[in-house]
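No experiment lies behind these values; they were computed from the predicted model shown. All values below come from the heavy atoms of this structure, side chains included, with hydrogens, waters and symmetry mates left out.
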Amino acid sequence: MEARGLRKSYGPVQALRGVDFTVFEGEVFALLGPNGAGKTTTVEILEGYRTRDGGEVRVLGLDPARGGRALRRRIGIVLQATGLEPYLTVAETLDYYRAAYPVPRPVEEVLELAGLGDLRDTRVGRLSGGQLRRLDVAVALVGDPELLFLDEPTTGFDPEARRGAWEVIRSLAGLGKTVLLTTHYLDEAQALADRVAVLAEGRVVAEGPPEAIGGRREAATVVRFRLPPEAPPLPAGLAPEAQATGGLVELRTEDPTRLLHDLTGWALEHGVALEALEVSRPSLEDVYLELTRQAQDPPSGDARDPAGDRGGREGR
Ligand code: ATP
């Protein structure tokens with residue numbers, strides 16, 4: 001799936017201002033971005049349910065604006081809200097949707113995949129929110145799609161239901177399906193996505209694996225600890241990097257192995273216990289917040305993306 005220079009306006013609102021990204025076959029790809037960034041518009045264009053004003057789009061080798069039924073039969077879509085018939089059972093619902101596809105998957109297989117085996121005879125109206133969402137996914141799987149769109153698949157779930165949905169998504173990836181999901185949960189993107197794109201203000205500001213996006217892989221490691229009041233001062237080699245506030249010391253380093261060796265070596269030598277010792281890298285959330293903040297409030301002068309794994313942002 002590929003988007004190049006994708007543009008869309010609603011009257012005076014420029015929702016997409018040149019969106020570029022690529023989703024490779026068999027990967028789980030997450031589209032992230034604040035409210036109004038253009039995620040839903042992008043996804044609807046890829047699904048063939050919204051027209052674009054400009055740019056190139058390819059989905060399974062076809063232009064979704066002209067793909068028609070041939071394309072729709074090869075994709076599965078899970079919207080944020082669906083209207084399933086409350087009086088049908090789970091199995092009856094799946095059976096009903098099977099009629100729409102030339103080569104549907106057997107109901108039992110879909111029930112198993114979506115983790116709904118125990119609920120096959122339960123009426124839809126009696127399902128919990130999380131169970132209903134799983135049924136939405138199951139309905140999208142009935143046509144055995146090659147590509148699945150999941151719009152905020154776990155919004156409103158309790159932690160256990162989220163883990164359950166993650167398992168379902170992982171099993172889809174295990175079957176070689178390509179999955180495009182939108183989410184506001186960065187831990188979800190971190191846990192599921194092979195790659196993510198961050199949309200902000202109608203543009204992709206970064207694209208790459210969650211562990212590397214926004215320069216995360218190269219970013220400084222932060223080492224924090226509390227120095228007891230009776231401890232001797234930190235050695236000169238460490239102290240210039242240190243920021244101490246009320247006994248809490250923070251060191252930043254590009255070479256954490258060496259720093260930790262020097263620090264803990266010094267601490268052991270002087271019998272100092274480094275309380276609450278913590279080594280951390282910027283989280284996906286830290287990087288995401290920084291990227292979207294920069295997009296909303298670009299620095300003056302050089303506005304190049306400091307992070308973009310593939311040059312991300314284009315001429316602004
Ligand atoms: P959210 O996270 O809130 O779902 P989003 O990233 O999906 O947001 P979009 O729904 O694509 O964002 O909206 C992008 C912009 O386009 C927003 O400014 C929105 O107000 C506007 N917009 C979306 N749909 C329409 C529409 N049908 N008519 C007019 N403006 C629209």
Side-chain angles (χ1 to χ4, degrees), residues 1 3 19-24 26-40 42-43 78 80 148-170 172-174 178-224 250-256 278-299 303-313:
M1 195 153 45
V19 167
D20 297 301
F21 64 89
T22 306
V23 181
F24 299 107
E27 78 179 353
V28 177
F29 190 90
L31 211 47
L32 310 174
N35 293 133
K39 302 179 297 296
T40 303
T42 302
V43 169
V78 182
Q80 282 183 32
L148 213 72
F149 291 95
L150 304 173
D151 198 4
E152 298 190 18
T154 64
T155 295
F157 280 26
D158 69 35
E160 200 184 329
R162 285 184 78 209
R163 295 294 160 140
W166 289 5
E167 282 314 309
V168 172
I169 295 169
R170 286 200 185 105
L172 299 178
T178 307
V179 178
L180 175 69
L181 65 102
T182 66
T183 182
H184 283 292
Y185 299 121
L186 296 159
D187 59 337
E188 185 159 294
Q190 175 81 55
L192 294 177
D194 298 302
R195 290 188 316 119
V196 304
V198 178
L199 258 184
E201 307 278 309
R203 284 194 184 91
V204 172
V205 293
E207 179 182 352
E211 61 281 2
I213 198 163
R216 239 181 118 194
R217 196 174 272 153
E218 296 78 33
T221 299
V222 178
V223 178
R224 288 190 194 86
E250 194 172 290
L251 301 168
R252 281 173 189 274
T253 179
E254 317 254 297
D255 187 359
E278 189 182 286
V279 181
S280 60
R281 314 274 326 275
S283 66
L284 181 58
E285 181 161 300
D286 295 335
V287 169
Y288 167 86
L289 289 172
E290 181 59 22
L291 285 166
T292 51
R293 190 192 58 74
Q294 281 174 11
Q296 279 155 11
D297 182 19
R304 274 169 52 96
D305 177 13
D309 291 288
R310 17 142 276 173
R313 201 183 309 181

Minimum heavy-atom separation for [X] to [Y], with atom names?
X: R216; Y: P282; result: NE-O, 2.8 Å
X: T292; Y: P34; result: CG2-CD, 3.7 Å
X: V28; Y: A173; result: CG2-CB, 3.7 Å
X: G214; Y: V287; result: CA-CG1, 3.5 Å
X: V19; Y: G202; result: CG2-O, 3.4 Å
X: A295; Y: A200; result: CB-CB, 3.5 Å

Please examine the side chains of [Y] and [X], heavy atoms only from C-beta on, and report whether any two atoms are closer than 4.5 Å.
X: V43; Y: D151; answer: no
X: F21; Y: L199; answer: no
X: T40; Y: T182; answer: no
X: Y185; Y: L192; answer: no
X: L186; Y: S283; answer: no
X: E152; Y: T183; answer: no
X: V205; Y: Q294; answer: no
X: R281; Y: P256; answer: no

Hey, could you give me the [atom1]/[atom2] distance between [X] and [Y], rounded to the nearest 0.5 Å?
X: Y288; Y: H184; atom1: OH; atom2: NE2; answer: 7.0 Å
X: Q190; Y: L32; atom1: CD; atom2: CG; answer: 10.5 Å
X: E188; Y: L150; atom1: CD; atom2: CG; answer: 9.0 Å
X: E285; Y: D187; atom1: CD; atom2: CG; answer: 8.5 Å

* **Sidechain N-carboxylate O distance under 4.0 Å for R163, E160** => no
Would the distance check show the side chain of [X] and the main-chain N or O of [Y] forming a donor-acceptor pair, the cut-off being under 3.5 Å?
X: K39; Y: G33; answer: yes
X: T253; Y: T221; answer: no
X: E27; Y: F24; answer: yes
X: R195; Y: T22; answer: yes

* Sole residue of V23, L172, L148 in side-chain contact (heavy atoms from CB on, under 4.5 Å) with T178 -> V23
